[in-house]
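Chain naming here is simple, since letters A, B, ... match the order of the sequence lines and numbering starts at 1 in each.
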Number of protein chains: 2
Amino acid sequence: MNQKICDRLAALRAVMKANGVDWYMVPTADFHNSEYVDAYFKVREYLCNFSGSNGTLLVGQKEAGLWTDGRYFIQAEKELAGTGVTLYRMQEEGVPEKEDFLAQKMEEGQTLGFDGRVVDTKFGQKLEKKLKEKKIRFVYDKDLADQVWTDRPLLPCHPVTVLDEAICGKTAGEKLSMLRKKLEEKEVSGHFLSKLDDLMWLLNIRGSDVECNPVALSYAFVTGEECHYFVQEQAVTDSLREHAAKYGITLHPYGEPLSYLENGAVCGKVLCDPGQVSYAFYKTIAGHAQIVDGANPTELMKAIKNPVELAHMQEVFIKDSAALCKFIYWIKTNIGKIPMTELSAAQHLDHLRSEVEGYLDLSFPTISAYRANAAMMHYEATPESHAKLAQEGMLLVDSGGQYLGGTTDVTRTIVLGPVTDEERRHFTAVAMGMLQLTDAKFLYGCTGRNLDILARQPMWDQNMDYKCGTGHGVGYILNVHEGPQGLRWKYTEGMKEAVLEAGMDVTNEPGVYIEGRYGIRTENVMVVRNGVKNGDGQFMYFETLTFAPIDLDAIDVSLMQPKDIERLNRYHAQVYEKIAPYLTEEEAAWLSEATRKIG
Amino acid sequence: MNQKICDRLAALRAVMKANGVDWYMVPTADFHNSEYVDAYFKVREYLCNFSGSNGTLLVGQKEAGLWTDGRYFIQAEKELAGTGVTLYRMQEEGVPEKEDFLAQKMEEGQTLGFDGRVVDTKFGQKLEKKLKEKKIRFVYDKDLADQVWTDRPLLPCHPVTVLDEAICGKTAGEKLSMLRKKLEEKEVSGHFLSKLDDLMWLLNIRGSDVECNPVALSYAFVTGEECHYFVQEQAVTDSLREHAAKYGITLHPYGEPLSYLENGAVCGKVLCDPGQVSYAFYKTIAGHAQIVDGANPTELMKAIKNPVELAHMQEVFIKDSAALCKFIYWIKTNIGKIPMTELSAAQHLDHLRSEVEGYLDLSFPTISAYRANAAMMHYEATPESHAKLAQEGMLLVDSGGQYLGGTTDVTRTIVLGPVTDEERRHFTAVAMGMLQLTDAKFLYGCTGRNLDILARQPMWDQNMDYKCGTGHGVGYILNVHEGPQGLRWKYTEGMKEAVLEAGMDVTNEPGVYIEGRYGIRTENVMVVRNGVKNGDGQFMYFETLTFAPIDLDAIDVSLMQPKDIERLNRYHAQVYEKIAPYLTEEEAAWLSEATRKIG
């Protein structure tokens, strides 16, 4: 029995009783739907011991359940042992969805509690619908766990930095004007924004309150005349104060937006993205104003990088690519000579990156996956569990950095020793797909759904698929994953697609994943550019930002068309030309060989 | 002055006055939104002299206007001369849309008249919206023109034939059950169907009331128990009577559905496709029942050809291809030796087709377009205006037939003499695109938007586009154009796409069109088939039905990748193997050479 957890749940149940709450729900999110969740927000782990990245805990007076997905079934079983919490394996046959479970378990007129700041609006609305018949009351304005978690970590809080216009290309004032123009077009009086990367972009500021995401916990309410910015007082620097004064931004404490919104600040029509604003805020605004549902206008603005941003990115990507090339040289030269593991390799790469001028942070924890581990899309080497590297097979390394001048994301699969013909066939297919998409010419109006097949074709031709999209947008000194652009093929009725606009960046990362054996992925970042415009329309093309060799040790030229060979040779010539100046003589000599002309 | 037209308009205005109608609208459609319109329905031409295929006439007491599109500006100007009717050039700057024109011209409380049976529901609803503010009354239950047009032709009326189950693969009874199951799923009590090809498919019958479309003017109202079929009494044959009795189909006169629907036949929820059912019917049903908007379930059922249909199609397409091959042989052998024109060439091809076993009709009027004429997508050679053929340049021939066993559609661009390097480059690109799409392997779930780029890529690579889709569905002994499947690339928000299902057929027809100089199109019909199914999903591929040589006289091998050459050689080997048995010795010898291995 896990006495610690049992005690915590008992304490929670007492608080629930005192607050008239029959069931309490604890999802896994911060107040901003961020990709990574800080220690402060790990309430679910505190209450049930399950530490995976995805899970929702439902606690009643007599029972409790934890819902998680297939990645975590084994881990959850282990961690929940002795806690009395039942594991609900999501998507398995006969396992109820959370909302159906509640609709069945709860009695008419009972009360469901949750911290409405960490529940997304769409799920909250789904619960409302499912529990309407039983007249369930919602209490969502209290974080009951806070009364139980006595030694809770503090909210992450780091100083907010202000970026120079020379880095951003546009001032915060210009961006606020762009946003206000959109608000006018949408005929709304205000806009509530809680998506952190959109906030950072809008105000030309950065923080470091979320792992690998250079963002500060904050909110904003923007009207035609005003901009109210809610941020932790200890995070406010002199430069932020100055910046705020310059652009008419009023600073408020981070904890206050709810009371601010309640006290008559919102009225008329307010623009809100129910996919981004959490339930508590959405409901509060809806109580005082007419909500206009819609994507944050900042999302599309942020996605289209401006010329200043693009110029910085070109430079930063070359430096980042050079660090990766140094790493590949190092690993290929030293494999079999010095002991290496997935972890030590990743650490070496992270170290090389940290030496790059303008380096701020990693853009995500480096994925270093050897052989069969690389077939697992969510593999993470840990100090407790990681593989030793040897002179055989392939190592997949997916990594990136945050720099003052851009955010990078690159994957190379590196040959450490002998590979099979099948591995070469699959590696070659991935390279051909990646390069065919890189070379695409397309008319303005295309979305990712039109182009995805160019990367996927060599795999589909072999009756294989990779079960993920081909690419995603990348932030500028911001989150490594951003929208709305993307490269995917699947159709669902009513889906919204983003037209590829000049200036958008997108990853190009096809792969082959053979369970239990190996995984291959080759990933570059590209920028959409305007090409020829004629009577047939505006043609577009991709410019590649990433320059690192595609391992010729796993390329089978006999499987390539002359056009494929020409594409690879052309890319490799650019790699050498752009990266060699950043290398030592030995490294450059190796790169010259690694990018040699084939065919 | 065109006295005849002026008199007709004066007569119409008198009838309008007598009926209290201030403006009268005459679009161009039959009661079923058919692709071709019979003489009976050419009211707009009768009233204003404009004979193009697209145009709407608006007549007020003091003025009249004709709206048509860019294809017809010159023709309309000529034909409207002296009629007093103003030409409104659609899409040109400053030219109002019809609905805006009416909203501006009409005075509050005035009356707009039109025959609601020939106006589509969506346009009718748009008018309602635009004219609401001015409180315009709609009179749509009278065909005022009928009182003016004294020598109006009769409604087309041909005997209805019943198809054998051996031809259809499923009985009308089985199809009615399939439809009824869908009605149950949609929880509707009835379904009103006025789309003629859907009706023919459902009841295993055919007619010939629309040019090239083997359909009979008719309607049906289907409920869980009943099927009411409205058809012209003179079209009813003994076999139809027998067929109707066998499958519980009640026959009614064609003119009666409106009064039938009004007299309490519809109630509860009724399924109706506002894109297919005309305004008068939609409004009548809406007056008595709750309409559920939705595509006719028959559309998707009809699109997926069953194994019996597919077997007949394979056979019919080969015979049809053989007729085309005979034609190509004839034209290439005789060009420069006997006088030929676009028209005489088309007539010869039509004659060859008419000799094929099971031939019923053309599936559309043969397009025979020489050199610059082929650059015009809607070109039609007429006895008054057509080009002579000579031993130079290319002739584009797009043609197809209706057979007892399938409907065909095929385009070949035939080299009649010397062609330029540019023409060869473009011809080769078209062939490569067509063959790359043919060779596609893709996962179940793809729609035309995922695949279109495979055909378009060689053109986009040269900064060229063809301004139309790559392909459309083809009926089975039915309309040459049918949905919902198609191959197109453009995205519009909220669009509905059809997943490519095994058994669907689709054309593959990329092209290059150089205004004033030439046009190239190569078109085959393909069927979607299930391929390998594995852990990654159900893979799909295309099987080609059409077998005719792609003119090697315009192929530039140096522009092709080995894969492109292999695809062309593989296709040509099949063409020879399948078609030679149907040819004379001379023709077969020529085909052998025309399908020779290249590269």
Side-chain angles (χ1 to χ4, degrees), chain A residues 432 436-437 439-467 488-500 512-515 531-541 558-567, chain B residues 432 436-437 439-467 487-500 512-515 531-541 558-566:
Chain A
M432 290 196 297
Q436 174 165 252
L437 176 59
D439 241 22
K441 273 195 187 174
F442 52 99
L443 271 176
Y444 177 79
C446 276
T447 76
R449 282 198 52 237
N450 296 111
L451 304 184
D452 183 276
I453 197 169
L454 297 181
R456 220 172 282 266
Q457 191 182 27
M459 274 59 83
W460 280 4
D461 279 349
Q462 297 181 50
N463 295 315
M464 293 189 303
D465 187 39
Y466 45 99
K467 289 178 178 171
R488 285 173 208 90
W489 70 270
K490 269 195 189 147
Y491 168 71
T492 47
E493 208 180 314
M495 73 192 298
K496 223 184 141 176
E497 300 178 36
V499 166
L500 292 167
V512 167
Y513 306 92
I514 309 288
E515 205 187 322
V532 168
K533 188 173 179 172
N534 59 29
D536 287 332
Q538 172 69 61
F539 284 90
M540 322 284 287
Y541 67 95
S558 75
L559 302 172
M560 300 168 85
Q561 296 288 306
K563 194 189 268 178
D564 300 315
I565 296 170
E566 189 270 324
R567 282 174 185 150
Chain B
M432 290 196 297
Q436 174 165 251
L437 176 58
D439 241 22
K441 273 196 188 174
F442 52 99
L443 271 175
Y444 177 78
C446 275
T447 74
R449 282 197 53 236
N450 295 112
L451 305 184
D452 182 276
I453 197 170
L454 297 181
R456 220 173 281 266
Q457 192 181 27
M459 274 59 82
W460 280 3
D461 279 349
Q462 297 181 50
N463 296 315
M464 290 190 303
D465 187 39
Y466 45 98
K467 290 178 176 171
L487 295 163
R488 286 173 207 91
W489 70 270
K490 269 194 190 148
Y491 168 70
T492 47
E493 209 180 313
M495 72 192 300
K496 224 182 142 176
E497 299 177 36
V499 166
L500 292 167
V512 168
Y513 305 92
I514 309 289
E515 205 186 324
V532 168
K533 187 173 180 171
N534 60 27
D536 287 332
Q538 171 69 60
F539 284 90
M540 321 284 287
Y541 67 93
S558 75
L559 302 173
M560 300 168 85
Q561 297 287 305
K563 194 189 271 178
D564 299 314
I565 296 170
E566 189 270 323

Undergrad: Measure across B:Leu487 and B:Leu437 and return the closest heavy-atom pair with its distance rounded to 0.1 Å.
TA: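 Where B:Leu487 meets B:Leu437 most closely, the heavy atoms are CD1-CD2, 3.7 Å.
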
Undergrad: Do B:Leu451 and B:Phe442 have side chains that approach each other closer than 4.5 Å (heavy atoms only, starting at C-beta)?
TA: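 Yes, side chains in contact.
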
Undergrad: With a 4.5 angstrom heavy-atom cut-off, is it the side chain or the backbone of B:Glu493 that approaches chain A, or both, or neither?
TA: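 Looking at B:Glu493, just its side chain touches chain A.
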
Undergrad: Do the side chain of B:Gln538 and the main chain of B:Leu443 share a donor and acceptor less than 3.5 angstrom apart?
TA: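 A pair under 3.5 Å: no.
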
Undergrad: Counting only non-hydrogen atoms closer than 4.5 Å, does A:Tyr513 touch chain B with its backbone (N, CA, C, O), its side chain (CB onward), both, or neither?
TA: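 Neither; nothing under 4.5 Å.
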
Undergrad: Please state whether the side chain, the backbone, both or neither of B:Lys467 comes within less than 4.5 Å of a heavy atom of chain A.
TA: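 The answer is the side chain of B:Lys467.
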
Undergrad: Identify the heavy atoms of B:Asp461 and A:Lys441 that sit nearest to each other, and give their distance.
TA: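 For B:Asp461 versus A:Lys441, the nearest heavy atoms are O-NZ, 3.5 Å.
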
Undergrad: So which part of B:Met459 gets closer than 4.5 Å to some heavy atom of chain A, the side chain, the backbone, both or neither?
TA: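 Contact with chain A is absent: no heavy atom of B:Met459 under 4.5 Å.
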
Undergrad: A:Phe539 versus chain B, heavy atoms under 4.5 Å apart: side chain, backbone, both or neither?
TA: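 Contact with chain B involves the side chain of A:Phe539 alone.
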
Undergrad: Distance from A:Trp460 atom CH2 to B:Met540 atom CE, nearest 0.5 Å?
TA: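 Going from the CH2 atom of A:Trp460 to the CE atom of B:Met540 covers 11.0 Å.
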
Undergrad: With a 4.5 Å cut-off on heavy-atom pairs, point out which of A:Asp439, A:Asn463, A:Asp465 contacts chain B the most.
TA: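 Highest number of pairs under 4.5 Å: A:Asn463.
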
Undergrad: When you measure from the side chain of B:Asp564 to the backbone of B:Met432, do you find a donor-acceptor pair of N or O atoms at a distance under 3.5 Å?
TA: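 Judged by distance alone, no pair lies under 3.5 Å.
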
Undergrad: So which residue, B:Met495, B:Gln462, B:Lys563, ends up with the most heavy-atom pairs under 4.5 Å with chain A?
TA: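 Option with the top pair count is B:Lys563.
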
Undergrad: Relative to chain A, which segment of B:Asp452 carries a heavy atom at a distance below 4.5 Å: side chain, backbone, both, or neither?
TA: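 It is neither, since no heavy atom gets under 4.5 Å.
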
Undergrad: Closest heavy-atom contact between A:Tyr466 and A:Ala455?
TA: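 Smallest heavy-atom distance, with atoms named: OH-CB, 3.8 Å.
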
Undergrad: Pick from B:Ala440, B:Pro562, B:Gly494: which one has the most heavy-atom pairs with chain A under 4.5 Å?
TA: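 Between B:Ala440, B:Pro562, B:Gly494, the count favours B:Pro562.
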
Undergrad: Name the member of A:Lys533, A:Arg456, A:Met464, A:Glu515 that forms the most heavy-atom pairs with chain B at distances under 4.5 Å.
TA: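 That would be A:Met464.
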
Undergrad: Which one wins on heavy-atom pair count under 4.5 Å against chain B: A:Val499, A:Thr447, A:Asp536, A:Ile453?
TA: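 If we count pairs closer than 4.5 Å to chain B, A:Asp536 comes out on top.
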
Undergrad: Would you compute the distance between atom CZ of B:Arg449 and atom CG of B:Leu500 and round it to the nearest 0.5 angstrom?
TA: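 Interatomic distance, B:Arg449 CZ to B:Leu500 CG, rounded to 0.5 Å: 12.5 Å.
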
Undergrad: Please look at B:Gln457 and chain A and tell me whether the side chain, the backbone, both or neither of the residue comes under 4.5 angstrom of a heavy atom of that chain.
TA: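 When you check distances to chain A, only side chain atoms of B:Gln457 fall under 4.5 Å.
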
